[in-house]
Amino acid sequence: MTTQVPKIKWAERPDFVYITIEADVESPVVKFESNKISFEGKGKDGKQYSFSYDLFKEIDADKSSTDFKTSRYPRLKLVKKDAGPYWNFLLKDKKKDKFVETDWTLWKDEDEVEENEDAGKFGNFDMGGMDMQQMMQGMGGMGGMGGMGGMGGMGGMGNMNFDDMDDMEDLEDKEGEEGEKKNTEETEETKLNSVD
């Protein structure tokens, strides 16, 4: 059976690296080492998935954890050995890997992270109180699109005289005809010059 490398998405905080493995697998196996993570699992689609990556910096393998229950995809929380500045790279060789990409839904720049801040609910890692229902309500009208309403007017256009619009259309038509005539003349001249 052929083994495939699943796509992974990652984000980080000063103390942690969050990884989502985009493979719907049964009984995944994850191995944490101080400078490496390994994964394997059989997909519900029958495919075998695995990877092994050398990490940019060291992690605390004993404190790092997994969550296989709260999401369709396995999630990992890597605890950095040395908290502090961002790694800015997940992999040791700093090369772009086609299976590794940034998780922009979780990413926060270093200057945006406040002390004792969590990343919301990222799996079963007890990471704060982000309430998705409350967030959706705050977005207004997204639940079934019920509260969208109309556009609410186009402020500042109340004094516009729509009768003048016909004059504008006539002017645009005239300009368009003149432009086409000029383009035709230029094309004919180009053809004549290119024959010589």
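For the single chain, residues carry numbers from 1 onward in sequence order.
- Taking NZ of K31 as the start and NZ of K36 as the end, the distance is 8.0 Å to the nearest 0.5 Å.
- Put simply, NZ on K80 and CZ on F56 are 10.0 Å apart, with the number rounded to the nearest 0.5 Å.
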Would K42 and E26 count as a side chain to side chain contact (heavy atoms under 4.5 Å, CB included) if you check the C-alpha gap in whole Å, the side-chain angles of each, and the deciding distance to 0.1 Å? CA-CA 6 Å; K42 184 175 181 181; E26 299 170 347; 5.5 Å; no
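- Of all heavy-atom pairs spanning P6 and S50, the tightest one is CD-O, 3.6 Å.
- With hydrogens and angles disregarded, no donor-acceptor distance shorter than 3.5 Å links the side chain of E22 to the backbone of K9.
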One pair to check against side chain to side chain contact (heavy atoms under 4.5 Å, CB included): T20 and I8. What are the steps and the verdict? CA-CA 6 Å; T20 302; I8 68 171; over 6 Å; no
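- The distance from atom OH of Y86 to atom CH2 of W107, rounded to the nearest 0.5 Å, is 6.5 Å.
- Formation of a donor-acceptor pair under 3.5 Å by the T102 side chain with backbone atoms of W104 is not found in this model.
- Between I59 and the options N35, L78, V79, a side-chain contact (heavy atoms from CB on, under 4.5 Å) holds for only L78.
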Pair D103-W10, side chain to side chain contact (heavy atoms under 4.5 Å, CB included): steps then yes or no: CA-CA 5 Å; D103 189 341; W10 75 288; 5.8 Å; no
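- Using a 4.5 Å heavy-atom threshold, the side chains of P85 and E110 count as touching.
- R13 is listed as a side-chain neighbour of K108, based on a closest heavy-atom distance under 4.5 Å.
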For a salt bridge (Lys or Arg N to Asp or Glu O under 4.0 Å) check, start with the C-alpha distance between D60 and K81, then their side-chain angles and the critical distance, and finish with the verdict. CA-CA 5 Å; D60 186 331; K81 183 177 181 184; over 6 Å; no
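- Counting heavy atoms from C-beta on, the side chains of S65 and L76 never come closer than 4.5 Å.
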Take D45 and D24 through the side chain to side chain contact (heavy atoms under 4.5 Å, CB included) test and state the conclusion after the steps. CA-CA 8 Å; D45 56 4; D24 194 4; over 6 Å; no
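- Side-chain atoms of E12 come within 3.5 Å of backbone atoms of N88 as a donor-acceptor pair (strictly under, hydrogens ignored).
- In this structure, K77 is positioned above the aromatic face of F16, its NZ or CZ under 6.0 Å from the six-membered ring centre and within 45° of the axis.
- When side chains are defined from C-beta on, F39 counts as touching Y49, because their heavy atoms get closer than 4.5 Å.
- The OG1 atom of T70 sits 5.5 Å away from the CZ atom of R75 when rounded to the nearest 0.5 Å.
- At least one side-chain heavy atom of F32 sits less than 4.5 Å from a side-chain heavy atom of T66.
- Separation of atoms CZ (F68) and CD1 (I21) is listed at 7.0 Å; rounding is to 0.5 Å.
- With a 4.5 Å cut-off on side-chain heavy atoms, F51 and S38 do not count as touching.
- In the hydrophobic clustering of this structure, V17 does not group with Y73; members are Ile, Leu, Val, Met, Phe, Trp, Tyr whose side-chain heavy atoms approach within less than 4.5 Å, directly or through other members.
- In this structure, V30 is a member of the same hydrophobic cluster as F99, with clusters built from ILVMFWY side-chain heavy atoms closer than 4.5 Å.
- D109 contributes no side-chain N or O that, together with a main-chain N or O of D111, makes up a donor-acceptor pair within less than 3.5 Å.
- Here the CH2-NZ distance, from W87 to K57, works out to 8.5 Å after rounding to the nearest 0.5 Å.
- With a 4.5 Å cut-off on side-chain heavy atoms, K95 and D97 do not count as touching.
- Counting heavy atoms from C-beta on, the side chains of L91 and V100 come closer than 4.5 Å.
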